[in-house]
Amino acid sequence: MKKVWSTTTLAVAMAFAMPAFAEKTMNTDIAIIGGGLSGLAAGVQAVQGGAKVVVLEKQAKVGGTGNFCEGFFAAESKIQKRIGINVSKDAAFKMIMEYSHWKANGALAKAFVDKSAETIEWMDKLGIKIEYVGVGGFGGPLTWHVIAPGPDYPDKNSHDFHCARVINVFNKFILDNGGMVLTQTPGTDLIKDGNKIVGVKAKDKEGEEIKINAKAVIVATGGFANNKEMIKKYAPEFTDIIPVGNIGKDGDGIRMAEAAGASLEGMAVMQLYRPGLAGFHPADQMIAAAVQPYFWVGPNAERYTDESNVEFWPSSGNSLARIGGVAYSIYDDATRKHVVDDGIEMPLGEWVLQGTKLTKWEESFNKELARKRGNVFKANSLEDLAKQIGLDPVALKASVEKMNAAAAARTDGEFNKNPKFLRPIATPPFYATKLLPRMLGTLGGVRVTAKAEAVDAKGVKIPGLYAVGTDAGGLYGDTYDLLLGGSTAGFAANTGRIAAENALIYTGIAKAKK
């Protein structure tokens, strides 16, 4: 399995540490731009198939956003079957397509779903185990295969946990089996020979250019969550959206692929997350209290949604975007005591579990209150609270009275919210937290085939070019789907594998299955 590099290639690799002014050149079978979840999955698959592999990673360490996910989608996995979970591939595929009103790329979605169970077994053989199978959104099918902690957690490596465990295993496998992973070395441009992609140019951490001749290139740079210009261009309603867990996601791979003639698809689709504030960890207890599904108002001091749609984050994000992207979660001291003493009713995934008592709420809230940044507010009257926020006090009082009447009657006449989430706002002091749109990444990218091959505007394949993970568009219609838990991470790993398998065939290293 281990691939031996040529003397020339090793000499070039050794020369990396030496001062030089000429462009460095490397030769490989498959070059992968991006060392996140999709790129490393592709790297492992390619190495297993006998290819020489170079992975380029922009950051100082691999993983990127892939370090923060918790589990993978799969249908008909062995563990699902063993414990009696019946989620067929057919049902999962139809759910994806019906959710998107068939705006999704059906061939790509089917390839992903059909590969998903085998990928769980593939990871198992690499030493990646499943802790449990759960749901994505409340009441959804049991498809979310949550990754168990690795053997080095917590004593040796506190980051050998959930998808960070996957990253650790993938990275080690590539390095142990002859692959190369070059960190702080972003890809900059694809190299073309006629209509074929034959390599990629990169820059190392010293700023020196590297030319990597490759028989195939896989683009896996993770989307464009940190590129405000691209977001403004493709999804203007989300121009000020807050990226969570994304660093350096500037759309590099999408830009390179487009410059090489690739068409784009679904660029307006965001992986919408629960609303919140910039600079706060997903497990922050002040945010956890604010996103409980109780009482949210927009700039006009009126409720604008069924707050319980936060259990399906994309719905919550969409409703917030519709009113301009600013809202306020308002609750009284009785509700504050409830979430501190009794625990929360709406969990934040694996970050803050259902029933968690928010004993650190006061510390987080008061710290932000002292900063006076206009994110949180506290007052002994609703009128004062409204004035602090900049809301119409009369309008806010009217909205509160409606909610209090709904809580007393156990019926929400405005949005038909589940009565268990109806709580009055009556006991001072009163608290407010600003809510802004947040996302876990972008979901649009290069238009691809079911084999992850990049295509141009006419649907013609660009030989030697593949796009995977959040650099590939087409899985989602117009809204991120939380029904099938683990779909984005699963899509990353599965498309990475699919691209590598087909690149192995394209390069002649492997034969196509009959």
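Quick note: numbers below take in every heavy atom, side chains included, and nothing from hydrogens, waters or symmetry partners.
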- prompt: Between E76 and V87, is a side chain to side chain contact (heavy atoms under 4.5 Å, CB included) present by the stated rule, with each step listed?
  reply: CA-CA 6 Å; E76 298 187 28; V87 181; over 6 Å; no

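- With hydrogens and angles disregarded, no donor-acceptor distance shorter than 3.5 Å links the side chain of Q45 to the backbone of A42.
- Within the 4.5 Å cutoff, the side chain of I247 has heavy atoms near those of the Q59 side chain.
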* Show your working on side chain to side chain contact (heavy atoms under 4.5 Å, CB included) between Y153 and H159 and close with a plain yes or no. => CA-CA 7 Å; Y153 177 87; H159 298 290; over 6 Å; no

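- Surrounding NZ of K110 are at most 12 heavy atoms belonging to other residues, nucleotides or ligands under 6.0 Å away.
- Checked by atom type and distance alone, the side chain of E70 never pairs as donor or acceptor with a backbone atom of H145 at under 3.5 Å.
- For F72, there are no ring-ring contact (aromatic ring centres under 6.0 Å, His included) partners two or more places apart in sequence or in a different chain.
- Contact check on R165 versus D160 returns a salt bridge, with a Lys/Arg side-chain nitrogen under 4.0 Å from an Asp/Glu carboxylate oxygen.
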Margin query: Using the rule given for salt bridge (charged side-chain N to carboxylate O under 4.0 Å, His left out), can you reason through K451 versus E501, listing the C-alpha separation, both sets of side-chain angles and the distance that settles it, and then say yes or no?
Written below: CA-CA 9 Å; K451 295 181 179 180; E501 288 173 337; over 6 Å; no

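- A salt bridge links D29 with K215: at least one charged nitrogen is closer than 4.0 Å to a carboxylate oxygen.
- Of the N and O atoms on the side chains of T65 and N246, at least one donor lies less than 3.5 Å from an acceptor on the other residue.
- Judged by distance alone, with hydrogens and angles left aside, the side-chain atoms of T239 form a donor-acceptor pair with the main-chain N or O of P236 at under 3.5 Å.
- Distance CZ/R255 to CG/D252: 5.5 Å, rounded to 0.5 Å.
- For the atom pair CG (L142) and CD (Q80), the distance works out to 7.5 Å, reported to the nearest 0.5 Å.
- For the residue pair I509 and G49, the shortest heavy atom distance occurs at CG2-O, 3.4 Å.
- Here the side chains of K461 and T449 are in contact, with some heavy-atom distance below 4.5 Å.
- Across every non-hydrogen atom of N309 and T305, the tightest pair is ND2-OG1, 2.7 Å.
- Contact annotation: the side chain of E131 approaches that of H162 to within less than 4.5 Å [non-hydrogen atoms, C-beta and beyond].
- Taking both residues in full, the closest heavy atoms of A111 and I498 are given as O-CD1, 4.0 Å, listed atom of the first, atom of the second, then distance.
- Distance check: F161 CZ to N67 CG gives 13.0 Å after rounding to the nearest 0.5 Å.
- Rounded to the nearest 0.5 angstrom, K94 NZ and K89 NZ are separated by 15.0 Å.
- Formation of a donor-acceptor pair under 3.5 Å by the N227 side chain with backbone atoms of M230 is found in this model.
- A donor-acceptor distance shorter than 3.5 angstrom exists from the side chain of D471 to the backbone of T221, with no hydrogens or angles considered.
- Between N105 and M97, the shortest heavy-atom distance links the atoms C-CE, 4.5 Å.
- In terms of modelled atom types and a separation under 3.5 Å, the side chain of T495 and the main chain of F491 share a donor-acceptor contact.
- No donor-acceptor pair under 3.5 Å is formed between the side chain of T143 and the backbone N or O of A75.
- In summary, K232 and E229 do not engage in a salt bridge, as defined by a charged side-chain N under 4.0 Å from a carboxylate O.
- For the pair S487 and D481, the tightest heavy-atom approach, listed with the atom from each and the gap, is OG-O, 3.6 Å.
- With respect to E208 and K203, no salt bridge is recorded, no charged nitrogen being found less than 4.0 Å from a carboxylate O.
- Between the N177 side chain and the F173 main chain, a donor and an acceptor come within less than 3.5 Å of each other.
- Summarising the geometry, atom CG belonging to L320 is positioned 11.0 Å from atom CZ belonging to R438; distances are rounded to the nearest 0.5 Å.
- Across all their heavy atoms, A202 and L56 have their closest contact at CB-CD1, 3.8 Å.
- In this structure the side chain of I212 reaches within 4.5 angstrom of the side chain of T28, judged on heavy atoms.
- For the pair D204 and Q184, the minimum side-chain heavy-atom distance is 4.5 Å or more.
- In this structure, V198 and N213 have side chains that are not in contact, with every pair of non-hydrogen atoms separated by 4.5 Å or more.
- Side-chain atoms of D152 never come within 3.5 Å of backbone atoms of K156 as a donor-acceptor pair (strictly under, hydrogens ignored).
- Aromatic ring centres of F112 and F73 lie closer together than 6.0 Å.
- Here D250 pairs with K58 in a salt bridge; the nearest charged N to carboxylate O distance falls below 4.0 Å.
- With a 4.5 Å cut-off on side-chain heavy atoms, I33 and L190 count as touching.
- Remark: the backbone N or O of I462 is not paired with any side-chain donor or acceptor of N195 at under 3.5 angstrom.
- Side-chain contact between M346 and V352 is absent, with no heavy-atom pair separated by less than 4.5 Å.
- Other residues, nucleotides and ligands place more than 12 heavy atoms under 6.0 Å from the NZ atom of K129.
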Handout entry: Verdict with reasoning, V44 to W122, per side chain to side chain contact (heavy atoms under 4.5 Å, CB included)
Key = CA-CA 11 Å; V44 172; W122 175 76; 3.4 Å; yes

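- Electrostatic pairing of E237 and R322 does not count as a salt bridge here, judged by no charged N lying under 4.0 Å from a carboxylate O.
- With respect to the salt-bridge test (charged N to carboxylate O, under 4.0 angstrom), the residues K103 and D478 do not qualify.
- In this structure Y466 satisfies the ring-ring contact (aromatic ring centres under 6.0 Å, His included) test with no other residue, sequence neighbours excluded.
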Tell me which donor-acceptor pairs under 3.5 Å the side chains of residues 257-286 have, and how far apart each pair is, sequence neighbours excluded?
unit_1	atom_1	unit_2	atom_2	d
Q271	NE2	Y480	OH	3.4
Q271	NE2	T488	OG1	3.3
H281	ND1	A283	N	2.9
D284	OD1	S364	OG	2.9
D284	OD2	M286	N	2.9
D284	OD2	I287	N	3.1
D284	OD2	S364	OG	3.1
Q285	OE1	T359	N	3.1
Q285	OE1	K360	N	2.6
Q285	OE1	W361	N	3.3

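- Taking OG of S77 as the reference point, atom CD1 of I85 lies at 7.0 Å (rounded to 0.5 Å).
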Chi angles and distances behind the side chain to side chain contact (heavy atoms under 4.5 Å, CB included) call for V291, L348
CA-CA 9 Å; V291 297; L348 279 65; 4.1 Å; yes

